[in-house]
Amino acid sequence: MSENLRLSAPDGSLADATVYPDPLALVGAAAAFVAERANEAISARGRFTIALSGGATPKPVYGRLASARLDWTRVHVFFGDERCVPPDDPLSNYRMAKEALLDKIAIPPANVRRMRGEDPPDAAARQYEQALREGLGEDGRLDLVLLGLGDEGHTASLFPGLAAVTETVRWVAASYVEAAGRWRISLTPPIINAARMVAFLVAGAGKADVLRRVLLGPRQPVVLPAQAIRPAERPALWLLDAAAAARLDRQA
Ligand code: 6PG
């Protein structure tokens, strides 16, 4: 059984959350959610464009998604962020997605656009903005952006205090992240907030406090970058397990 919550922050901004009893239920539901969005977009527009999240939480979701009934020739995969490492590095988000999903599905290689973490960061960010503009074409919007939430409130590679958090023009930015001790490349709020749908996947008790601050606390996106995500079309959807949602007020 899942539970739907509509949460409103002190400044009136809304978020929709669905809470699943445990991580396994979250994984199954998140994979089904992505497949539904994909089939919906393919029927409506003939293609589905998705930006994958990095980190540990989405990996089992990608594994489950690999067995979804989908016409993968009509799916176009982008990335929300990348660590500035080669594509075969254990820290590479591309490598994680490749092993968990891309190697297991019949997706044309041209439909997968990764961030070139091995290149000089600023050049890689510019190259990826070009790839996004070409890949999205006139539409210029992603159908779905998957995001995670870091312990200190970062999302994608939008970390507290970075200029990329308040970016208003560029779609992709490279930043040196002190906390990670390395450069990262990230989609920025303008392109994320233009997406038809944004979904956060958050699991575990370790995220309960930061999740409460992001969703119910005062608005301070430079300190809590996940708060910079305010999709224009509809409130972001937060797919949570009960442990992560433990500190959220229950207003069905
Ligand atoms: C990354 C991610 C990052 C991630 C959060 C949560 O490259 O690390 O894109 O934003 O989503 O750090 O990570 P976990 O899912 O591992 O908790």
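Keep in mind that what you see is a predicted model, and the values were worked out from it rather than measured. In each ligand, atom 1 is the first atom listed, and ligand 1 is the first ligand listed.
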Side-chain (Arg113) to main-chain (Phe78) donor-acceptor, under 3.5 angstrom: no
Could Arg95 and Asp89 be called an ion pair, given the rule that one side-chain N must be under 4.0 Å from one carboxylate O? no
Within the 4.0 Å heavy-atom shell around Asn93, which atoms of ligand 1 are there? 1 (C), 7 (O)
When the ring planes of Phe200 and Trp238 are compared, do they come out parallel, tilted or perpendicular, using 30° and 60° as the limits? parallel
Among Glu82, Arg83, His154, Glu152, closest by any non-hydrogen atom to atom 5 (C) of ligand 1: His154
What I want to know is whether Thr155 and ligand 1 share at least one N or O pair that is separated by under 3.5 angstrom. no
Counting both backbone and side chain atoms, is some N or O of Ala56 under 3.5 Å from an N or O of ligand 1? yes
Any nitrogen or oxygen of Ala156 lying under 3.5 Å from a nitrogen or oxygen in ligand 1? Just yes or no. yes
Test log, rule salt bridge (charged side-chain N to carboxylate O under 4.0 Å, His left out), inputs Asp143 and Arg37: CA-CA 8 Å; Asp143 290 313; Arg37 298 286 81 70; over 6 Å; no
Mind checking whether Phe159 and His154 have parallel, tilted or perpendicular rings, split at 30° and 60°? parallel
Geometric N/O contact Ser157 with ligand 1, under 3.5 angstrom: no
Is any side-chain heavy atom of Leu187 closer than 4.5 Å to a side-chain heavy atom of Tyr128? yes
For ligand 1, which atoms have a heavy atom of Asp81 less than 4.0 angstrom away? 1 (C), 2 (C), 7 (O), 9 (O)
Whether over 12 other heavy atoms sit under 6.0 Å from Arg196 CZ: yes
Any idea which atoms of ligand 1 are less than 4.0 Å away from a heavy-atom of Thr57? 14 (P), 15 (O), 17 (O)
Counting from 1 in the order shown, the ligand 1 atoms closer than 4.0 Å to a non-hydrogen atom of Ser53 are 11 (O)
Counting heavy atoms only, which part of Leu147 comes closer than 4.0 Å to ligand 1: side chain, backbone, both or neither? neither
Distance filter under 4.0 Å to Gly148 heavy atoms, resulting ligand 1 atoms: 11 (O)
